[in-house]
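Below: one structure, written as structure tokens.
Not measured: the values here are computed from a predicted model.
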Amino acid sequence: MAAESDYVPPVDDYAFLYAEAFGLDLVARATGGELSAADATEIVAGAGEFAASVLAPLETVGDRVGARLADGEVHLPEGFAEAYRAFVEAGWIAAEAPVSAGGEGMPGAVRAGLGEIWNASNAAFALCWLLTAGQIHALDAAASDELREIYLTKLVSGQWTGTMNLTEPDAGTDLGAIRTMASPRADGTWAIRGQKIFITWGDHDVAENIVHLVLARTPGAPAGARGLSLFVAPRLLVNDDGTLGERNAIQTVAIEHKLGIHGSPTCVLSYEDATGYLVGEVGGGLAGMFVMMNSARTGMGFQATGIADRAYQQASAYAAQRQQGAVLERPEGTPIAEHPDVRRLLLSMASKVFAMRALGVYVADLFDGDDTALAEFFVPVLKGWTTEDAVTVTSDAIQVHGGMGFIEETGAAQHYRDARIMPIYEGTTAIQSNDLVGRKVIRDGGTTVQRLLILVRETITALRDSDVPVAQRTAERLERAVEASRRATQAVLGFAAAPRDAHAVSVPYLMLLGTLAGGWMHALAVVAVLAHDEQSEQDAARLTLADFYGAHHLPRVHMLAETVAAGEIG
């Protein structure tokens with residue numbers, strides 16, 4: 001069995017996605033020629049080397065040792081602080097931050113690759129980066145010049161880390177129920193009082209300061225989400241000369257004992273008239289926080305891909321050397337990877353991972369272009385579909401290991417435990433799907449979905465120009481899936497006057513579109529591969545994955561279309 005820390009970054013896949021899969025050099029287009037697909041591939045390769053050597057060896061340590069709270073201070077396992085310093089010194093946070101915030105502004109397609117790699121190597125560690133990146137975007141969009149100078153610069157440099165403070169004991173999904181209060185002071189600051197729970201990386205000892213982005217209600221504000229404002233509240237207050245001062249009145253009450261991601265400290269924070277600074281306008285908190293939330297939701301797609309790929313890599317390595325039982329029509333001593341059902345599981349996992357990876361690159365690249373509507377449309381699909389299927393992939397990885405997969409020592413169980421939170425945090429799958437059907441399908445009359453189906457049909461037309469059997473099969477399967485998706489969309493639109501029906505089947509509809517998008521990604525890969533003058537082994541593998549996805553996963557669209565048409569039952 002491969003060592004638990006072994007991780008092979010998928011550099012070849014990203015080279016293919018950047019340069020070929022979408023019919024052009026995505027990176028050159030996004031950067032106006034300043035970077036090319038080859039440059040982006042080198043960046044991803046460098047990140048992969050860093051992740052495999054620095055972050056991956058700490059993944060199991062983080063899981064088994066976890067975060068520890070002592071005397072009101074959270075301590076991370078040995079090696080985490082050093083890894084974070086190395087991460088900062090290598091410039092990875094600044095590289096991904098937008099130019100407007102003082103960063104290098106890597107294009108979205110590159111950020112997708114980096115996001116997968118950080119999460120594949122060490123998902124618990126990567127959550128610190130993900131929350132900081134999200135806060136950078138939020139402050140860049142809404143903070144005053146003074147807040148940008150004090151806080152944004154430190155976040156971009158990596159000296160300080162960022163968090164998102166939304167959830168409370170009685171306000172989870174329903175942000176309108178938030179009770180934390182922020183009262184104005186004479187000096188222009190605000191006194192924040194209340195309790196926040198489930199705060200990822202809410203306290204730790206790997207960076208010198210932590211910047212909390214807090215949603216709170218102000219005196220006299222209207223009820224519900226419209227009465228929320230956004231505040232910056234640092235763990236350590238900042239003196240006038242920029243040095244760090246005394247600790248803010250924010251107490252770490254507890255850290256949660258979780259199913260997974262043990263190396264990520266999830267904290268209960270108590271604000272006891274803590275000093276905060278208004279971000280944006282009073283009452284404009286939700287709009288500002290949504291910038292961070294959307295960043296995090298896209299990041300969840302990268303996290304899902306990373307954890308799923310790590311689980312697949314370990315299962316594949318195990319199956320390649322494990323011998324158990326006679327393998328049908330194979331010589332004695334053949335490893336279990338050649339058992340028909342184990343091979344099915346491995347192909348299933350690999351085909352899903354590629355589809356997730358490709359869709360992540362596609363969606364991230366959309367945000368660099370002008371098609372904002374399509375980009376926003378895909379956010380809930382990317383977040384919901386990839387995280388749900390990552391749980392399936394990590395479960396299949398345990399199945400490949402057999403009984404050993406259920407034993408913690410193999411490391412297979414950790415991936416499953418780590419993945420299980422993803423369909424829940426940053427908005428459950430139902431939150432994503434309700435947004436999808438309500439705001440992005442019914443509200444625009446299905447216009448954006450129809451545009452998506454047209455794009456898929458263009459790829460089907462390209463496939464039909466080839467007489468290669470896998471291209472023909474892919475075209476036929478995808479055409480049937482498009483028609484089923486069209487019928488499902490019409491059913492959703494028909495529920496406009498019956499919102500319970502629409503919401504009752506919103507998750508199946510989201511999974512339908514995610515599955516269809518995955519098939520489209522494979523179809524694009526087939527078109528690109530068949531354009532080669534000669535087929536390499538890697539080309540053949542890509543065709544096999546596309547063929548498998550079309551036969552084993554794409555038919556799910558038809559089943560889900562039946563479910564969607566039924567609406568609410570009972």
Side-chain angles (χ1 to χ4, degrees), residues 55 58-60 62-67 74 76-77 80 115-116 118-134 163-169 171-173 196-204 254-269 292-312 352-353 356 360 379-380 382-398 408 411-433 507 510-511 514:
L55 303 184
L58 293 173
E59 185 190 40
T60 303
D63 182 59
R64 296 180 181 174
V65 177
V74 173
L76 273 293
F80 268 62
E116 177 190 337
W118 306 141
N119 283 286
S121 57
N122 193 323
F125 179 96
L127 281 166
C128 179
W129 155 84
L130 188 150
L131 269 297
T132 299
T163 74
M164 176 169 27
N165 283 228
L166 288 79
T167 310
E168 298 178 9
T173 298
K196 297 290 186 178
I197 64 172
F198 301 160
I199 308 306
T200 302
W201 280 80
D203 195 5
H204 58 78
I255 53 175
E256 306 292 357
H257 301 283
K258 309 185 296 286
L259 177 67
I261 53 169
H262 297 152
S264 168
T266 303
C267 302
V268 178
L269 300 180
M292 186 171 187
M293 291 169 67
N294 268 344
S295 172
R297 287 170 177 177
T298 304
M300 286 299 99
F302 310 151
Q303 184 178 76
T305 304
I307 295 179
D309 188 46
R310 188 74 184 275
Y312 163 69
K352 283 186 177 181
V353 168
M356 294 175 186
V379 170
L382 179 68
K383 196 280 180 183
W385 169 66
T386 59
T387 58
E388 290 283 355
D389 268 13
V391 175
T392 303
V393 169
T394 54
S395 177
D396 285 347
I398 292 175
E408 289 287 354
Q414 180 186 345
H415 305 311
Y416 180 73
R417 290 187 286 100
D418 286 353
R420 189 59 193 85
I421 185 60
M422 293 188 302
I424 298 173
Y425 62 13
E426 303 308 334
T428 64
T429 307
I431 294 296
Q432 309 304 318
S433 61
V507 169
L510 180 151
M511 296 303 291

When you look at Leu259 and Tyr416, which way does the side-chain contact (heavy atoms from CB on, under 4.5 Å) test go after all the steps? CA-CA 10 Å; Leu259 177 67; Tyr416 180 73; over 6 Å; no
Between [X] and [Y], which heavy-atom pair has the shortest distance, and what is it?
{"X": "Asn119", "Y": "Ile307", "answer": "O-CG1, 4.1 Å"}
{"X": "Tyr425", "Y": "Lys383", "answer": "O-NZ, 2.8 Å"}
{"X": "Thr429", "Y": "Gly384", "answer": "CG2-CA, 4.3 Å"}
{"X": "Met164", "Y": "Ala296", "answer": "CE-CB, 4.3 Å"}
{"X": "Ala124", "Y": "Gly263", "answer": "CB-C, 3.6 Å"}
{"X": "Ile398", "Y": "Ala413", "answer": "CD1-CA, 4.0 Å"}

Before giving the answer on side-chain contact (heavy atoms from CB on, under 4.5 Å), spell out for Leu127 and Gln303 the whole-Å C-alpha distance, their side-chain angles and the decisive distance to 0.1 Å. CA-CA 9 Å; Leu127 281 166; Gln303 184 178 76; 3.4 Å; yes
Side chains of [X] and [Y] in contact at under 4.5 Å (non-hydrogen atoms):
{"X": "Thr298", "Y": "Val379", "value": "yes"}
{"X": "Pro77", "Y": "Leu58", "value": "no"}
{"X": "Thr387", "Y": "Gln432", "value": "no"}

Is there a donor-acceptor pair closer than 3.5 Å between any side-chain N or O of [X] and the backbone N or O of [Y]?
{"X": "Arg297", "Y": "Glu426", "value": "yes"}
{"X": "Lys352", "Y": "Thr305", "value": "no"}
{"X": "Asn122", "Y": "Leu55", "value": "yes"}
{"X": "Asp418", "Y": "Ile261", "value": "yes"}
{"X": "Arg417", "Y": "Gly260", "value": "no"}
{"X": "Glu59", "Y": "Ala123", "value": "no"}
{"X": "Thr394", "Y": "Ala390", "value": "yes"}
{"X": "Ser395", "Y": "Thr392", "value": "no"}
{"X": "Arg420", "Y": "Val391", "value": "no"}

Apply side-chain contact (heavy atoms from CB on, under 4.5 Å) to residues Glu388 and Leu510 and explain how you reach the verdict. CA-CA 11 Å; Glu388 290 283 355; Leu510 180 151; over 6 Å; no
Can you measure from [atom1] ([X]) to [atom2] ([Y]) and round to the nearest 0.5 angstrom?
{"X": "Trp118", "Y": "Phe125", "atom1": "CH2", "atom2": "CZ", "value": "8.5 Å"}
{"X": "Leu130", "Y": "Ser264", "atom1": "CG", "atom2": "OG", "value": "10.0 Å"}
{"X": "Glu116", "Y": "Asp309", "atom1": "CD", "atom2": "CG", "value": "5.5 Å"}
{"X": "Phe302", "Y": "Leu382", "atom1": "CZ", "atom2": "CG", "value": "6.5 Å"}
{"X": "Ile421", "Y": "Met300", "atom1": "CD1", "atom2": "CE", "value": "9.5 Å"}
{"X": "Asp203", "Y": "Leu76", "atom1": "CG", "atom2": "CG", "value": "9.5 Å"}

Apply the test side-chain contact (heavy atoms from CB on, under 4.5 Å) to residues Trp201 and Leu131: give CA-CA distance (whole Å), side-chain angles for both, the deciding distance (0.1 Å), then the verdict. CA-CA 8 Å; Trp201 280 80; Leu131 269 297; 5.8 Å; no
